[in-house]
Amino acid sequence: MARRPAPPSPSPARASGDSQGARGPAEPRAARSAERSRRVDVREWAGGIRLSGFAVIMLSLVVLGTWVLVPSIGTYLDQRQKIAALEQSVQLTKDQIAALEQERTRWSDPAYITTQARERLYYVKPGEVIYLVDNDLDPADIPPEQHQVSEKIQERPSDWMPQLLRSLTSAGLAKNAVASPAD
């Protein structure tokens with residue numbers, strides 16, 4: 001086994017018993033020892049490292065093991081993500097099946113069937129009169145009437161993109177005169 005170099009010898013001022021040293025009389029011993037412990041000579045530290053054949057072999061085995069295992073770990077993590085996604089898909093399908101079974105049990109109830117026939121298909125029992133109200137919105141909510149479409153082609157010097165965006169936003173924010181049926 002290789003021997004480590006001996007620690008550096010103390011300075012001649014300290015070896016002769018000079019308690020003040022090169023620092024001066026006012027500096028305490030604790031501060032000098034703390035400063036000495038903070039200073040690290042990198043060349044001395046790196047020179048003390050000795051690599052044996054066994055250490056080189058072990059280091060190369062660690063690098064080789066890492067090189068072999070990293071793709072396997074990546075594959076494992078990818079498969080775990082796919083499994084989690086499939087489990088979530090199975091859970092959503094189970095929820096949909098439960099909702100459809102609940103809907104099926106509702107449709108087996110004669111009162112629910114009668115209610116749906118009255119609301120959706122406007123069926124009535126004999127002797128009943130149904131009144132349908134059209135345009136029951138406030139006059140402010142009714143969309144304005146369309147102007148007559150001209151037969152002439154007109155060219156307007158404007159950029160079409162802002163007009164398209166205005167048209168899309170106004171169509172998306174407009175209130176409909178007919179309400180969609182609630183399911």
Side-chain angles (χ1 to χ4, degrees), residues 34-35 38-43 45-46 49 51 55-56 58-183:
E35 182 181 332
R38 271 189 254 138
R39 285 187 284 163
V40 175
D41 189 13
V42 176
R43 286 179 284 172
W45 178 79
I49 295 176
L51 289 177
V56 170
M58 292 308 292
L59 183 63
S60 63
L61 284 177
V62 167
V63 169
L64 179 67
T66 304
W67 184 66
V68 168
L69 289 179
V70 164
S72 300
I73 292 172
T75 304
Y76 171 76
L77 293 176
D78 185 42
Q79 288 177 350
R80 291 304 305 167
Q81 287 177 345
K82 287 180 181 178
I83 288 171
L86 289 174
E87 287 174 350
Q88 185 179 10
S89 173
V90 166
Q91 184 62 37
L92 286 174
T93 305
K94 286 181 179 178
D95 293 343
Q96 288 175 348
I97 289 171
L100 289 174
E101 287 177 351
Q102 185 179 8
E103 184 76 20
R104 185 178 65 184
T105 56
R106 268 195 258 148
W107 279 103
S108 64
D109 182 20
Y112 182 76
I113 293 173
T114 305
T115 305
Q116 291 300 313
R118 287 172 157 270
E119 288 178 2
R120 291 185 184 185
L121 304 174
Y122 303 112
Y123 281 8
V124 293
K125 292 184 178 179
E128 287 183 339
V129 177
I130 280 203
Y131 295 101
L132 295 178
V133 178
D134 287 335
N135 296 331
D136 60 341
L137 296 175
D138 292 334
D141 292 339
I142 296 176
E145 292 184 22
Q146 295 283 331
H147 294 293
Q148 201 63 295
V149 178
S150 69
E151 304 249 344
K152 293 193 266 179
I153 297 176
Q154 298 176 355
E155 188 173 330
R156 301 180 83 190
S158 67
D159 191 13
W160 60 272
M161 185 60 87
Q163 187 170 356
L164 174 68
L165 292 175
R166 278 194 304 274
S167 174
L168 288 175
T169 54
S170 66
L173 298 174
K175 294 184 180 179
N176 294 335
V178 179
S180 63
D183 289 325

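Legend: ring pair (Phe, Tyr, Trp, His ring centres under 6.0 Å) pairs involving residues 59-82, not counting sequence neighbours: none detected. Listed by first and then second residue, the salt bridge (charged side-chain N to carboxylate O under 4.0 Å, His left out) pairs involving residues 61-74 amount to none (not counting sequence neighbours). Sequence neighbours left out, the pairs with a member in residues 82-92 that pass side chain to side chain donor-acceptor pair (under 3.5 Å) are Q91-D95. Residues in residues 85-116 take part in these ring pair (Phe, Tyr, Trp, His ring centres under 6.0 Å) pairs, two or more places apart or across chains: W107-Y112. Applying the salt bridge (charged side-chain N to carboxylate O under 4.0 Å, His left out) test to residues at least two apart or on different chains, the pairs with a partner in residues 121-130 are R118-E128.
Scored by the side-chain contact (heavy atoms from CB on, under 4.5 Å) test, S72 finds no partners at all (sequence neighbours excluded). For the side-chain contact (heavy atoms from CB on, under 4.5 Å) test, residues two or more places apart in sequence or in another chain that qualify with R104 are E101. Checked against side-chain hydrogen bond (donor to acceptor under 3.5 Å, both in side chains), Q102 has no partners two or more places apart in sequence or in another chain. In this structure Q96 satisfies the side-chain hydrogen bond (donor to acceptor under 3.5 Å, both in side chains) test with no other residue, sequence neighbours excluded. Residues satisfying the side-chain contact (heavy atoms from CB on, under 4.5 Å) criterion with P162, sequence neighbours excluded, are D159, R166. Among residues two or more places apart in sequence or in another chain, the side-chain contact (heavy atoms from CB on, under 4.5 Å) test is passed with I153 by none.
Counting non-hydrogen atoms of neighbouring residues, nucleotides and ligands closer than 6.0 angstrom, the CD atom of Q163 reaches no more than 12 such neighbours.
Annotation: the span from L61 atom CG to T66 atom OG1 amounts to 10.5 Å, rounded to 0.5 Å. Rounded to the nearest 0.5 angstrom, I97 CD1 and K94 NZ are separated by 8.5 Å. Here the straight-line distance linking atom CG of L64 with atom CG of L59 works out to 11.5 Å at 0.5 Å rounding. Distance check, rounded to the nearest 0.5 Å: CD of Q116 to CG of D109 gives 11.0 Å.
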